[in-house]
K.L.:
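Structure incoming, see below.
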Amino acid sequence: MNAMIDISKLNAWFDDNHVLKDVDISVPANGSFGLVGESGSGKSTVLRTVTGLVDDWEGNILVNNKELTGTRDKAFYRLAQMVFQDPFGSLHPRHTIDRILTEPVNIHGLGNSDARVVEALNQVGLDNSFRFRYPHQLSGGQRQRVAIARALILEPKILLLDEPTSALDVSIQAEVLNLLTRLRHDLGLTYIMVSHDLAVVAHMCDDIAIMNHGRIVERATATQLAEGKLDHPYSQQLYKAAAGYDRAVVDSFVDWD
Amino acid sequence: MNSHTTTVKPGLMQWLTSDTPQSRFQAKCGRTWLGWLKLTENKLAMIGLSIVMGLILVTIFAPLLAPYDPLAADLANRIQPPGAEHWFGTDQLGRDILSRLIYGAQYTLLIVGLVAITAAPVGLLVGTAAGFFGGWVDAVLMRVTDIFLAFPKLILALAFVSALGPGIENAILAIAITAWPPYARIARAETITVRKSDYIDAARLQGVSNRGLIIGHIMPMCVSSLVVRVTLDMAGMILIAAGLGFLGLGAQPPMPEWGAMVSDGRQFLLDQWWVSTVPGIAIFVVSLGFNLLGDGLRDVLDPRGGD
Amino acid sequence: MSNEPLLSVKNLAITFSTPKGPVNAVRGVSFDLGRERLGIVGESGSGKSQTGRAILGLTAPNGKITADQMQFHDLDLRNLTPRAWRKVRGARISMIMQDPKYSLNPVMTIGDQIIEAYREHHKVNAKEAKRRAIEMLESVKIRDPERVFNAYPHEVSGGMGQRVMIAMMLIPDPEILIADEPTSALDVTVQLQVMAILDDLVRERGMALVFISHDLQLVSSFCDRVLVMYQGLVVEEIRASELDQAKHPYTKGLLNCLPKMDGNHAELPVLTREASWAEA
Ligand SMILES: Nc1ncnc2c1ncn2[C@@H]1O[C@H](COP(=O)(O)OP(=O)(O)O)[C@@H](O)[C@H]1O
Ligand SMILES: Nc1ncnc2c1ncn2[C@@H]1O[C@H](COP(=O)(O)OP(=O)(O)O)[C@@H](O)[C@H]1O
Ligand SMILES: [Mg+2]
Ligand SMILES: [Mg+2]
């Protein structure tokens with residue numbers, strides 16, 4: 001098996017709430033997998049389970065051919081990092097960018113933190129003048145770049161991206177998506193990208209899964225998605241909604257709860 | 001988008017308000033400066049700050065400011081009313097009340113200072129640990145806190161001083177012991193709102209240990225509300241210290257502690273009102289000063305008011 | 001469809017004083033609003049919300065408004081007393097905010113809130129008010145109005161909460177409805193459903209709608225006319241149907257940088273901003 005990430009029969013619970021139901025995902029090295037669905041469908045939970053932020057789960061998660069158990073060690077965090085949805089919530093409001101980026105370098109004893117911070121900032125297209133600012137002195141797009149820099153500074157092989165652009169303006173989204181595409185090619189990264197926006201995932205990913213209520217209801221390749229070749233009525237509805245407002249189409253919507 | 005903001009300020013001002021600080025130090029200073037600007041907009045807070053600064057200055061320069069020796073009895077001049085010679089009059093031993101007030105400032109400052117640097121860190125530690133770990137750690141720590149909270153502060157302080165013996169050191173200790181539980185509560189509440197946030201999860205994924213998370217990531221978010229609360233509480237501490245002094249359990253004669261001074265004068269309250277009233281007013285003014293300052297700090301230090 | 005404008009704004013400017021100096025949030029915005037759906041689009045910070053809030057007299061105290069004209073029928077909105085504002089705001093011009101959670105009272109059931117709002121404007125008894133409230137919930141296509149009537153705000157989803165807000169805003173029959181990103185926090189399908197409800201209500205009642213959003217694509221598929229804002233300026237005003245003929249490079253840039261579902265992973269065109277766009 002040479003998948004970088006191989007998740008099978010993943011189930012997760014929050015108390016009695018069965019949030020993930022038999023989720024299977026496999027991503028080859030340097031691949032990019034997209035997970036789409038409406039809010040509450042369990043997309044973030046998939047990523048959070050992989051990174052060890054969810055306690056109650058069952059199933060098999062293989063990362064780089066190593067089976068994950070209950071706790072993650074430091075080595076895992078050097079292999080896989082996550083970028084959160086809300087760039088306003090994922091950076092500590094009382095820490096400067098410098099501190100945010102230096103801390104992981106020190107914890108993992110990588111040394112040479114000065115040069116690493118500068119390099120990480122350069123990688124995401126920020127110059128040195130940002131280094132000593134506080135998050136509130138940055139725009140949303142700049143904050144998300146910092147969050148990506150923080151994820152990259154440990155030189156991981158895997159980035160788990162939780163709606164990395166949904167809080168950003170479309171013009172900034174384009175820049176961040178281009179940055180992510182470039183980084184994947186340059187650094188040979190493997191992505192799982194979560195989004196509620198079908199177009200973003202279609203643009204970024206090779207394989208796509210559509211989730212509804214904790215279950216993957218449909219899988220497609222980017223090409224199939226581009227042609228609108230979707231079978232499940234839920235995915236078709238998402239596809240139609242992505243085209244913008246059309247009074248007649250809205251009347252055909254059904255609720256999926 | 002701040003691109004259409006105009007900033008035309010020279011030198012130091014530019015350094016402080018720079019959007020592109022060159023060092024951690026400059027970033028910190030800039031942040032403090034903006035907080036200061038906000039504080040100066042609040043008139044009441046500035047009044048409070050001047051009172052507190054006044055208290056500190058009086059403490060430092062007491063020997064220069066006091067016209068008489070605060071302990072020197074002059075029985076010929078007992079209970080003189082306020083006048084040119086003795087601005088605030090003299091007490092039953094003929095000691096100058098103004099001088100005693102000036103020397104007494106240091107005890108007030110000592111009490112609030114020591115209580116603040118002992119009770120606040122204890123409360124912070126207990127509260128963040130309880131909030132962060134939850135479960136049985138939380139249950140145990142919070143039950144202990146509740147027990148302390150269940151008694152009125154003054155009564156509890158009285159009990160401690162009675163056990164420890166009277167004296168200003170024991171009074172301070174007793175006040176500190178009774179002061180930490182509310183801080184633990186505040187720190188816990190703050191921790192619970194913070195601990196689920198993305199930036200804490202993000203730090204976890206960087207490999208930050210629990211200890212690192214509490215000290216480096218959670219405590220900074222609790223400090224502001226604690227500072228505010230401690231400042232507001234200082235008024236209460238001064239009153240409890242004065243209360244203990246009044247009951248003869250705090251500062252011992254002839255120490256010019258304000259509460260003890262009020263107590264000393266109470267037998268002459270009807271005819272020689274100034275002996276008690278003047279230190280009473282001093283207690284009131286200083287308490288008010290801390291209260292106003294605390295209220296102002298609340299607006300400035302709110303961690304959610306990002307920019 | 002409009003002949004006489006309901007609202008006429010000329011050269012509206014809003015400047016905030018901050019510790020770091022003045023911020024010119026809105027710079028010389030002019031528009032006429034008839035009985036139509038007007039979109040205001042732009043990136044965050046471009047001044048959309050502030051434009052909307054100025055029409056409602058909701059500018060923060062550190063902001064200063066100047067305008068050559070802000071005429072609503074026979075009312076000059078530039079110098080209304082707080083008392084006069086209360087008669088306009090909510091009653092004749094109404095606003096729906098992005099997050100219904102902050103606009104609803106968390107400790108009161110939705111039904112009670114609707115009844116309270118209703119009885120402020122109509123003299124009816126409790127029973128009649130409840131009947132009307134249920135009707136209102138039905139009119140915003142809530143399938144189970146009895147349940148929602150008895151629910152607290154946190155017990156309903158975001159889309160449901162926004163429908164409730166719309167129902168409440170419409171009670172006094174306002175002439176102008178300002179919707180500030182009313183659907184941005186919602187899922188795509190729910191978003192479109194809420195917009196359809198707004199659409200129907202605006203048509204039925206002949207209201208004017210100002211729809212503020214950052215989503216140019218969405219706004220143009222919904223509105224009649226769109227104002228595109230950039231750094232406090234309106235850089236382009238265009239009929240929604242003619243969006244493909246947009247002239248301003250900023251408008252074109254916003255359209256181009258959207259990822260398309262064509263299976264093409266190539267670089268997205270990014271917006272190259274020019275200093276001249278921000279010049280008044
Ligand atoms: N920390 C949590 N505690 C309890 N329930 C949660 C928690 N996080 C998520 N959930 C629930 O799990 C489900 C899936 O959530 P999530 O994975 O965040 O969805 P998505 O990312 O697709 O919007 C939702 O029903 C949500 O309410
Ligand atoms: N109370 C305020 N004080 C200072 N600046 C403000 C205030 N309110 C808004 N602004 C500024 O006004 C500009 C426009 O804001 P807004 O209208 O909310 O933008 P948006 O287009 O995202 O709705 C922003 O640059 C914002 O920072
Ligand atoms: Mg999510
Ligand atoms: Mg806005």
Side-chain angles (χ1 to χ4, degrees), chain A residues 32 36-41 139-141 165-179 181-182 184-185 195-206 221-228 234 237-251 253-257, chain C residues 20 37 41-46 141 143 157-160 183-200 203 211 213-223 230 240 243 250 253-273:
Chain A
S32 164
V36 197
E38 303 206 315
S39 63
S41 57
S139 67
T165 59
S166 68
L168 306 178
D169 280 314
V170 285
S171 56
I172 313 298
Q173 163 170 288
E175 292 172 16
V176 172
L177 292 182
N178 285 345
L179 168 70
T181 306
R182 201 194 75 221
R184 176 157 77 101
H185 288 137
S195 178
H196 65 266
D197 187 335
L198 219 48
V200 166
V201 162
H203 176 77
M204 294 294 291
C205 303
D206 314 321
T221 62
T223 333
Q224 284 169 329
L225 191 59
E227 293 162 359
Y234 176 75
Q237 184 167 316
L238 275 187
Y239 185 78
K240 282 186 204 147
Y245 179 76
D246 180 336
R247 189 70 189 77
V249 170
V250 176
D251 280 334
F253 286 173
V254 286
D255 287 345
W256 288 87
D257 42 33
Chain C
K20 293 192 169 188
R37 288 164 300 177
V41 192
E43 291 168 288
S44 57
S46 56
K141 311 248 160 53
R143 277 181 307 173
S157 65
M160 205 63 91
T183 59
S184 303
L186 307 175
D187 281 319
V188 242
T189 47
V190 184
Q191 177 172 22
L192 297 181
Q193 285 168 330
V194 170
M195 287 170 79
I197 290 164
L198 270 180
D199 192 5
D200 294 349
R203 275 177 211 277
F211 192 90
S213 170
H214 63 276
D215 192 334
L216 181 51
Q217 194 99 60
L218 186 73
V219 168
S220 58
S221 62
F222 178 69
C223 292
Y230 182 73
L243 195 67
Y250 176 65
L254 277 187
L255 283 172
N256 287 338
C257 65
L258 289 170
K260 316 249 171 345
M261 250 190 281
D262 52 8
N264 177 2
H265 293 345
E267 290 248 307
L268 291 167
V270 296
L271 196 61
T272 23
R273 291 155 209 274

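Chain identifiers are assigned alphabetically (A, B, ...) following the order of the sequence lines, protein sequences preceding nucleic acid strands; residue numbering begins at 1 within each chain.
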K.L.:
Shorter than 4.5 Å, heavy atoms on both sides: which option in Ala202(A), Ala243(A), Ser171(A) has the most such pairs with chain C?
P.N.:
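Looking at each of Ala202(A), Ala243(A), Ser171(A) in turn, Ser171(A) comes out on top.
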K.L.:
If you tally heavy-atom pairs under 4.5 Å against chain A, which of Val188(C), Leu186(C), Leu216(C) wins?
P.N.:
Val188(C)
K.L.:
Measure from the side-chain N and O atoms of Ser195(A) to the backbone N and O of Val201(A), and report whether any donor-acceptor pair falls under 3.5 Å.
P.N.:
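No.
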K.L.:
What's the separation between atom NE2 in His203(A) and atom CG in Asn178(A), rounded to the nearest 0.5 Å?
P.N.:
6.0 Å
K.L.:
To the nearest 0.5 Å, what is the distance between CG on Asp262(C) and OG1 on Thr223(A)?
P.N.:
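Going from the CG atom of Asp262(C) to the OG1 atom of Thr223(A) covers 10.5 Å.
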K.L.:
So which of Ser32(A), Gly40(A), Gly244(A), Ala199(A) has the largest heavy-atom pair count under 4.5 angstrom toward chain C?
P.N.:
Ala199(A)
K.L.:
Sort out for me which of Ser221(C), Gly158(C), Gly42(C) touches chain A most, counting heavy-atom pairs under 4.5 Å.
P.N.:
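Between Ser221(C), Gly158(C), Gly42(C), the count favours Ser221(C).
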K.L.:
Do side-chain atoms of Gln237(A) reach the backbone of Val254(A) as a donor and acceptor pair under 3.5 angstrom?
P.N.:
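Side chain of Gln237(A) to backbone of Val254(A): a pair is present.
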K.L.:
Using a cut-off of under 4.5 Å for heavy-atom pairs, which of Leu177(A), Leu198(A), Leu238(A) has the most such pairs with chain C?
P.N.:
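Highest number of heavy-atom pairs under 4.5 Å: Leu198(A).
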K.L.:
Which value, rounded to the nearest 0.5 Å, describes the distance between Ser220(C) atom OG and Leu255(C) atom CG?
P.N.:
7.0 Å
K.L.:
Counting only heavy atoms closer than 4.5 Å, note whether Gln193(C) contacts chain A via side chain, backbone, both or neither.
P.N.:
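Answer is both: backbone and side chain atoms of Gln193(C) are under 4.5 Å from chain A.
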K.L.:
Working to the nearest 0.5 Å, report the span between OG1 of Thr183(C) and CG of Leu218(C).
P.N.:
5.5 Å
K.L.:
Leu258(C) versus chain A, heavy atoms under 4.5 Å apart: side chain, backbone, both or neither?
P.N.:
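The side chain, not the backbone.
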K.L.:
If we define contacts as heavy-atom pairs under 4.5 Å, which of Ser39(A), Ala242(A), Gly228(A) has the most with chain C?
P.N.:
Ser39(A)
K.L.:
Tell me, side chain or backbone of Asp200(C) under 4.5 Å from chain A's heavy atoms, or both, or neither?
P.N.:
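The side chain, not the backbone.
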K.L.:
Can you confirm if the NZ or CZ of Arg37(C) lies within 45° of the ring axis of Phe222(C) and under 6.0 Å from the centre of its six-membered ring?
P.N.:
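Yes, cation above the ring, under 6.0 Å and within 45°.
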K.L.:
Who wins among Val270(C), Leu254(C), Val219(C), Asn256(C) for the most heavy-atom pairs under 4.5 Å with chain A?
P.N.:
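The option with the most such pairs is Val270(C).
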K.L.:
As an exercise, state the distance from OG of Ser213(C) to CD of Gln191(C), rounded to the nearest 0.5 Å.
P.N.:
7.5 Å
K.L.:
Name the member of Arg247(A), Gln173(A), His196(A), Glu175(A) that forms the most heavy-atom pairs with chain C at distances under 4.5 Å.
P.N.:
Arg247(A)
K.L.:
Chain C: which of Ser139(A), Cys205(A), Gly140(A) shares the most heavy-atom pairs with it under 4.5 Å?
P.N.:
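If we count pairs closer than 4.5 Å to chain C, Cys205(A) comes out on top.
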